[in-house]
Amino acid sequence: MNVANRDIAAVFNEIAELLDIEGANPFRIRAYRNAARVIFSYPKEMKNLVEEGFDLTTIRTIGNDLSQKIIEIVKTGELSFLNNLKHRVSPELEELLKIPGIGPKRVHLLHELLGINSASELKAALENGKLNQIAGFGPKLLEALRAALGQKPSKTKRYRLYDIRPVAQQIAAFLCDAKETVRVEIAGSIRRQRDTAKDIDLVAACKKNSDIMERFIGMDDVEAILMRGSTRSSIVLRNGMHVDLRVVPPRMFGATLHHFTGSKEHNIALRMMASKKGMKINEYGVFKEDILIASDTEADIYQVLGMPYILPELRENRGEIEAALENRLPSLVELRQIRGDLHAHTVYTDGTNTLKEMALAAHARGYEYLAITDHTQHLRIAHGLGEAKLLEQIGAIDRLNADLEEITLLKSAEVDILADGTLDLPDSVLKQLDFAVCAVHYRFNLSAKEQTRRILKAMENPCFSIFAHPTGRLLGLREPYELDMEAIIRSCADRGIILELNAQPDRLDIHDIHCRMAKEAGVKVAISTDAHSTADLGLMELGIGQARRGWLEKEDVINTFGLEEVIKLLRRRQH
DNA sequence: GCCGTTTTCGGCCCGACTGTTTTCAGTCG
């Protein structure tokens, strides 16, 4: 039985949904959701903690009851409480929650009064007029439901940061030109640099008589207006993305930007802290005895609460408030500190640019080095290189390096980790490289135990320097493969192996939680673009965002170091 | 269901907007 933290979190989240429909105490429901969130991003596997006999109630949000439930899930793979709950509340009802305009109260009502259990039954009731009988279901709501049922449920769809951020930037720039508008900022999860975002949140500072709302809802790409108020409006774009705009007077901008940047969990934690100090926080500012004491800037908000400014990337209630209070916030890594890229492809395999073009593009970014890491033979689909072809490339790089003055190409390869844990090229060849980047490209469906054993075996090879896209996830397309990341990180720490943070828009792998685990274990991270063209080198910024969410500082990231230091770190295993 | 410098009970963040109401519940973020 292998129960991962995400499985336990899923159980608790499902309990929360079902209890919500059942009409349980909202704070009890929140307790399950809070615990699910904490467990999902907890740096150690509950399974291991249970085996060690660790007292789970020492974890924030977990008390006696939930501790027992976790133990039951770990030991049996299921939870009798959830099974019983499912008998009382049909799990099918959860799909109704995905319909915009339908929350737990209405699901409960639909079920109790009309026996509705699913979206299709709701549709039938809508068509035969039964819904009209329910008090509180007026013509407008019915019309909204009719429209919503015509499309796929959209409450949970998330967009990649790479796709949604440019749209947000474009709209923000367009709104800046509105009358009496001082500034417009992107808030929400995009500002926090989350890998995906559900919608676009914008905050604007405007003086009186601004026409920004009209400008907003009148944009060319607006498909529908969901909500239209004097200070807040919500629209859907033709491409399906939801956009919210909040407008406030300039002197309250900081408080509002803070409120809509979130995360919700960070805000709640901050507000609870404030209330203990006799203060109240809302989207207009911090108040003490109803007197406004901070609202201009976000820094003011934190200052009156007695702590330094917390960067948006850290605002997840994952310990940043405690760190701020103790003055031990990390100094997050920045794009300008990056001095090279350690994962790039060329026309030798599936890249679109030559060695020289890649070298010049990296130099244009101010880099001192670029590692060429074309695929190896096993990856046929990418025309992976065999021994002869790789040796030819090594020669070509040597000749090119002799000509290049301000940048060095590093000789490497993205070496396949084969199913048996050996590497895809003989050691005699690997030893001619500066270092090897190793990755899993097939047999994703092994059990956690087998997959972990496969990779740990590969790590025994002293040429194995960087573990590329370690979890194999593809956002929205493929779940990460089963893997004991704690064991992998321990091995990296023992052997001096670097973990890659792959900056491709659909990878962003490893993600924030694993960055923190690596940092705490003393494992360095390489932020790499996995560039398949010169333009791809620009993806570095996306990787930096993820690294910052993972609390990484300059010294945690190997490619903030100069060439000599990098070579030393990457080759240390071979000496 | 959790939690505690107001500690084992009684709190638990806060407000905008909508629709269907005559003062508010539900949803959403």
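Every chain is numbered from 1, with letters handed out A, B, ... down the list of sequences. Note that this is a predicted model, so its numbers are computed, not measured.
- Comparing the same atom, P, in B:dC14 and in B:dC9 gives a spacing of 25 Å after rounding to whole Å.
- Salt bridge annotation for A:Arg146-A:Glu143: present, with a cationic side-chain nitrogen under 4.0 angstrom from a carboxylate oxygen.
- In this view, A:His259 satisfies the ring pair (Phe, Tyr, Trp, His ring centres under 6.0 Å) rule with no residue, not counting sequence neighbours.
- Using a 4.0 Å cut-off, no side-chain N or O of A:Tyr284 falls inside it from OP1 or OP2 of B:dC13.
- Across all strands, A:Ile29 comes closer than 4.0 Å to no nucleic acid atom at all (heavy-atom distances).
- Listed in residue order, the members of residues 109-122 of chain A having a heavy atom less than 4.0 Å from DNA chain B come to none.
- A salt bridge links A:Glu22 with A:Arg88: the distance from a Lys NZ or Arg NE/NH1/NH2 to an Asp or Glu carboxylate oxygen falls below 4.0 Å.
- Every residue two or more places apart in sequence or in another chain was checked for a ring pair (Phe, Tyr, Trp, His ring centres under 6.0 Å) with A:Phe260, and none qualifies.
- DNA chain B lies under 4.0 Å from no heavy atom of any residue of residues 318-327 of chain A.
- OP1 or OP2 of B:dG29 lies within a sub-4.0 Å distance of a side-chain N or O belonging to A:Lys198.
- Contacts of A:Lys69 with the nucleic acid, taken as non-hydrogen atoms under 4.0 Å apart, involve only primed sugar atoms and P, OP1 or OP2.
- Between B:dG26 and B:dT20, the two C1' atoms lie 11 Å apart (nearest whole Å).
- Judged as a salt bridge (Lys or Arg N to Asp or Glu O under 4.0 Å), the pairs with a partner in residues 294-311 of chain A (not counting sequence neighbours) are, in order, A:Arg191-A:Glu298, A:Glu298-A:Arg315.
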Indicate every side-chain donor-acceptor pair of residues 318-325 of chain A with a distance under 3.5 Å to a residue at least two apart or in another chain.
residue	atom	partner	partner atom	Å
A:Arg318	NH1	A:Asp512	OD2	3.3
A:Glu320	OE1	A:Asn317	N	3.2
A:Glu320	OE1	A:Arg318	N	2.7
A:Glu320	OE2	A:His266	ND1	2.7
A:Glu320	OE2	A:Glu316	N	3.0
A:Glu320	OE2	A:Asn317	N	2.5

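- Rounded to whole Å, the P atom of B:dG15 lies 25 Å from the corresponding atom of B:dT5.
- Backbone-only contact: A:Pro104 has heavy atoms under 4.0 Å from sugar-phosphate atoms and none from a base.
- Looking at heavy-atom distances under 4.0 Å, A:Phe260 makes no contact with the nucleic acid at all.
- Residues that satisfy the side-chain contact (heavy atoms from CB on, under 4.5 Å) test with A:Glu51, not counting sequence neighbours, are A:Lys47, A:Asn48.
- The side chain of A:Asn282 contributes an N or O atom lying less than 4.0 Å from OP1 or OP2 of B:dG15.
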Using a 4.0 Å heavy-atom cut-off, write out nucleotides 2-11 of chain B from 5' to 3' as B (base contacted by protein), S (sugar-phosphate only) or - (no contact).
-> SS--------

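- With both ends at atom C1', the span from B:dT8 to B:dC2 equals 12 Å, rounded to whole Å.
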Going 5' to 3' along nucleotides 17-25 of chain B, which nucleotides have protein heavy atoms under 4.0 Å from the base (write B), which only from the sugar-phosphate (write S), and which from neither (write -)?
-> SSSS-----

Let me have the donor-acceptor pairs involving side chains of residues 232-240 of chain A, under 3.5 Å, with sequence neighbours excluded, atom names and distances please.
residue	atom	partner	partner atom	Å
A:Ser233	OG	A:Gly229	N	3.4
A:Ser234	OG	A:Asp244	OD1	2.6
A:Arg238	NH1	A:Asp220	O	3.3
A:Arg238	NH2	A:Asp220	O	3.1
A:Asn239	OD1	A:Met241	N	2.9

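- Pair assignment for B:dG1 gives B:dC12, based on Watson-Crick or G-U wobble hydrogen-bonding distances that are each under 3.5 Å.
- Judged as a ring pair (Phe, Tyr, Trp, His ring centres under 6.0 Å), and not counting sequence neighbours, A:Phe216 has no contacts.
- Applying the ring pair (Phe, Tyr, Trp, His ring centres under 6.0 Å) rule to A:His511 yields the partners A:His514; only residues at least two apart in sequence or on another chain are considered.
- Look at A:Arg516 and A:Asp556 and you find no salt bridge, because none of the NZ, NE, NH1 or NH2 atoms lies under 4.0 Å from a carboxylate O.
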